[in-house]
*Asks:* 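The structure follows.
Keep in mind it's a predicted model, so treat the numbers as computed, not measured.
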Amino acid sequence: MAERGVIDEPPAFDKPKVELHVHLDGAIRIETIMDVAKRRGISLPAITVEGMTSLVTVPEPSTLTEFLGKFSEFMHVIAGDREAIKRIAYEFVETKAKEGVVYVEVRYSPHFLANSNVDPIPWNQKEGDVTPDEVVNLVNQGLKEGEKDFKTKARSILCCMRHMPNWSMDVVELCKKYRNDGVVAIDLAGDESLDCTANIGHLNAYKEAVRSGIHRTVHAGEVGSPSVVREAVEVLKAERIGHGYHTIEDEVLYKQLLEDQMHFEICPVSSRLTGACDPDFTKHPLIRFKEDNANYSLNTDDPTIFNSTLDSDYQTAKKEMGFTEDDFKKLNLNAAKSCFLPEKEKKDLLNQLYEAYDMVNDTSF
């Protein structure tokens, strides 16, 4: 039987893959949401998996605002519940293992899953005793157990939120605390129209990340202008760009980032459904990135909301943008080279891919 959202057909790329841009809270199984809601006595607006799926998914090109609104349909079910938080992390690794992913970096906001030591308390929850710190610990436990059982290596990235600059210093401190226990980087997500230079919380958090040697990625140029990408690179010192589609509208910046081998975390299915890019995939910036030999990866972003799997993104690239198996091998090697693992583990990952792809190891990274 085919995975949800995918026609029964051979995968576009059936070799080991690396995924760098996927949100934990956007990759929760609908069945799990319903199961946890039942256990916690929380009523949902739909009583079947099909009904909940139609409520939380974006089937046609929409807006980033509508997409973000989908989270309020289910996040209150998972947030603040220890068992559920650990469970979604564990199941996430199982899902990625089935998709042929050998290494994944999964991101989330610890504050969005907490109900204590967070202001404001999200999702209209009552105050409880699950802090952002404990959220990170629970996710780490779930990822570790998943890695042990399913043999897919999983690490996490902690997200700051653009509209909540007062959370950002907490986030970087959690990155520092758990840097040897599964957390590999900091991220900034949310509304790109909010100027980071005016938000001292974000600026200070990223300065501290640089000072402390914490890896950095930033959502930029998804729906925002190239100036947001420039800010991410020059002000926040981002090492990778989440999405970055609109970078190509500033030829000077784009050329500079190509020269610098900046890594773009591309999410084709997501970019169409959020309205970030033209719905015609033949006009997608990814085609330009491929032609210019840019450094990028293919990722799902929020597969629950897009009713997709990683293969959906690969099928899209293959059928709509002319990607070949060699293109897929190359982008996965680029993902491995640009991942936030320590150098020894990164080399091991690259060796694993070169062997699986029957390629000579290129150690020039």
*Asks:* Hey, could you give me each pair passing ring-ring contact (aromatic ring centres under 6.0 Å, His included) that has a residue in residues 83-103? Not counting sequence neighbours.
*Replies:*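 As it turns out, the ring-ring contact (aromatic ring centres under 6.0 Å, His included) pairs with a partner in residues 83-103, which skip direct neighbours, are Y90-F150.
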*Asks:* Same hydrophobic cluster for F71 and L55, using side-chain heavy-atom links shorter than 4.5 Å among ILVMFWY?
*Replies:*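 Both belong to a single hydrophobic cluster.
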*Asks:* Classify the side-chain pair N334/H263 by whether it contains a donor and acceptor separated by less than 3.5 Å.
*Replies:*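 N334 vs H263: no donor-acceptor pair found between side chains.
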*Asks:* State whether the side chain of E19 and the backbone N or O of V104 hold a donor-acceptor pair below 3.5 Å, judged by distance alone.
*Replies:*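 Side chain of E19 to backbone of V104, a donor-acceptor pair under 3.5 Å: no, none is there.
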*Asks:* Distance only, no hydrogens: is a donor on one side chain within 3.5 Å (strictly under) of an acceptor on the other, for S270 and D301?
*Replies:*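 Short answer, yes.
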*Asks:* Are E99 and K17 close enough, and set up right, to give a salt bridge (charged side-chain N to carboxylate O under 4.0 Å, His left out), and what steps lead you there?
*Replies:* CA-CA 8 Å; E99 293 180 344; K17 292 176 278 290; over 6 Å; no
*Asks:* Using a 6.0 Å cut-off, check whether atom CD of E355 has over 12 heavy atoms from anything other than its own residue.
*Replies:*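 For E355, atom CD is not crowded (no more than 12 foreign heavy atoms under 6.0 Å).
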*Asks:* Check whether H246 reaches the backbone of A276 with its side chain - one donor and one acceptor, N or O, closer than 3.5 Å.
*Replies:*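 Judged by distance alone, yes, a pair lies under 3.5 Å.
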*Asks:* Tell me, do W123 and S72 make a side-chain contact under 4.5 Å, heavy atoms counted?
*Replies:*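 They are in side-chain contact.
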*Asks:* Using a 3.5 Å distance criterion without hydrogens, assess whether the side chain of H219 forms a donor-acceptor pair with backbone atoms of L188.
*Replies:*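 Yes, because the side chain of H219 sits within donor-acceptor range (under 3.5 Å) of the backbone of L188.
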*Asks:* Distance alone, cut at 3.5 Å: any donor-acceptor contact between the side chains of T324 and D326?
*Replies:*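 Note: T324 and D326 side chains miss the donor-acceptor criterion.
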*Asks:* Does any N or O in the side chain of S212 come within less than 3.5 Å of the main-chain N or O of I214, such that one atom is a donor and the other an acceptor?
*Replies:*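 Side chain of S212 to backbone of I214, a donor-acceptor pair under 3.5 Å: no, none is there.
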*Asks:* Parallel, tilted or perpendicular: which describes the rings of F328 and F323, with under 30° parallel and over 60° perpendicular?
*Replies:*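 Plane angle under 30°, so parallel.
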*Asks:* Does S109 reach the main-chain N or O of F112 with its side chain, forming a donor-acceptor pair under 3.5 Å?
*Replies:*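 Here the side-chain-to-backbone pair exists.
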*Asks:* Would the number of heavy atoms belonging to other residues, nucleotides or ligands and lying under 6.0 Å from CG of D358 be above 12?
*Replies:*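 No, not enclosed.
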*Asks:* Between D280 and T282, is any side-chain donor less than 3.5 angstrom from a side-chain acceptor?
*Replies:*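 D280 vs T282: donor-acceptor pair found between side chains.
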*Asks:* For residues N124 and H76, determine if any side-chain heavy atom of one lies less than 4.5 Å from a side-chain heavy atom of the other.
*Replies:*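 Answer no - side chains too far apart.
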*Asks:* Quick one: does N307's side chain get under 4.5 Å of P59's, heavy atoms only?
*Replies:*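 No, their side chains stay 4.5 Å or more apart.
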*Asks:* A side-chain contact here means heavy atoms from C-beta on lying under 4.5 Å apart; do C159 and V171 qualify?
*Replies:*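 No, their side chains stay 4.5 Å or more apart.
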*Asks:* Following the transitive rule for hydrophobic clusters with a side-chain heavy-atom cut-off under 4.5 Å over Ile, Leu, Val, Met, Phe, Trp and Tyr, establish whether V210 and F340 coincide in one cluster.
*Replies:*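 No, no single cluster joins them.
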*Asks:* Distance alone, cut at 3.5 Å: any donor-acceptor contact between the side chains of Y178 and D133?
*Replies:*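 Present: a donor and an acceptor within the cut-off.
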*Asks:* My understanding is that only one of L286, N332, D327, T316 makes a side chain to side chain contact (heavy atoms under 4.5 Å, CB included) with L298; could you say which?
*Replies:*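 Looking at L286, N332, D327, T316, the match for L298 under the side chain to side chain contact (heavy atoms under 4.5 Å, CB included) is L286.
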*Asks:* Distance check, rounded to the nearest 0.5 Å: K337 atom NZ versus L333 atom CG?
*Replies:*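 Spacing of NZ (K337) from CG (L333) equals 6.0 Å.
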*Asks:* Do I78 and V36 have side-chain heavy atoms sitting under 4.5 Å apart?
*Replies:*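 A side-chain contact under 4.5 Å exists here.
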*Asks:* If I compare all heavy atoms of A336 with all of L353, which pair ends up nearest, and what's the gap?
*Replies:*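 Heavy atoms only, the tightest pair is CB-CD1, 3.8 Å.
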*Asks:* Any salt bridge (charged side-chain N to carboxylate O under 4.0 Å, His left out) involving residues 255-269? Give me the pairs, sequence neighbours left out, ordered by first then second residue.
*Replies:*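 Every pair satisfying salt bridge (charged side-chain N to carboxylate O under 4.0 Å, His left out) with a residue in residues 255-269: R107-E265, R240-E265.
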*Asks:* Side chains of E345 and R155, heavy atoms from C-beta outward: is any pair under 4.5 Å?
*Replies:*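 They are in side-chain contact.
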*Asks:* Short question: side chain of N295, backbone of F264 - any donor-acceptor pair under 3.5 Å?
*Replies:*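 Judged by distance alone, no pair lies under 3.5 Å.
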*Asks:* Taking the side chain from D292 and the backbone from A294, do they hold a donor-acceptor pair closer than 3.5 Å?
*Replies:*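 No; zero donor-acceptor contacts below 3.5 Å.
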*Asks:* Do C339 and L20 have side-chain heavy atoms sitting under 4.5 Å apart?
*Replies:*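 C339 vs L20: side chains touch.
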*Asks:* Do Y245 and V228 sit in one hydrophobic cluster, given that two such residues count as connected whenever their side-chain heavy atoms are within less than 4.5 Å of each other, even indirectly?
*Replies:*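 Different hydrophobic clusters.
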*Asks:* Please determine, by modelled atom types, if T63 and T65 share a side-chain donor-acceptor pair under 3.5 angstrom.
*Replies:*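 No.
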*Asks:* If Ile, Leu, Val, Met, Phe, Trp and Tyr residues are connected whenever their side-chain heavy atoms lie under 4.5 Å apart, and connections chain through other members, are V58 and V49 in the same group?
*Replies:*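 Result: yes, single cluster for both.
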*Asks:* D81 pairs by salt bridge (charged side-chain N to carboxylate O under 4.0 Å, His left out) with which of R87, K86, R40?
*Replies:*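 One option only clears the test, and that one is R40.
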*Asks:* Has the side chain of S271 got a donor or acceptor atom that lies under 3.5 Å from a matching backbone atom of C277?
*Replies:*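 Between the backbone of C277 and the side chain of S271 there is no qualifying donor-acceptor contact (under 3.5 Å).
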*Asks:* To the nearest 0.5 Å, what is the distance between NE2 on H284 and CZ on R272?
*Replies:*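 Nearest 0.5 Å value for the NE2-CZ distance: 10.5 Å.
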*Asks:* Determine whether a donor-acceptor pair (N or O, by modelled atom type, separation under 3.5 Å) exists between the side chain of Q125 and the backbone of P122.
*Replies:*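 Flag set: sc Q125 to bb P122 pair under 3.5 Å.
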*Asks:* Between T304 and I28 (side chain of the first, backbone of the second, donor and acceptor by atom type, cut-off under 3.5 Å), is there such a pair?
*Replies:*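 It does hold such a pair.
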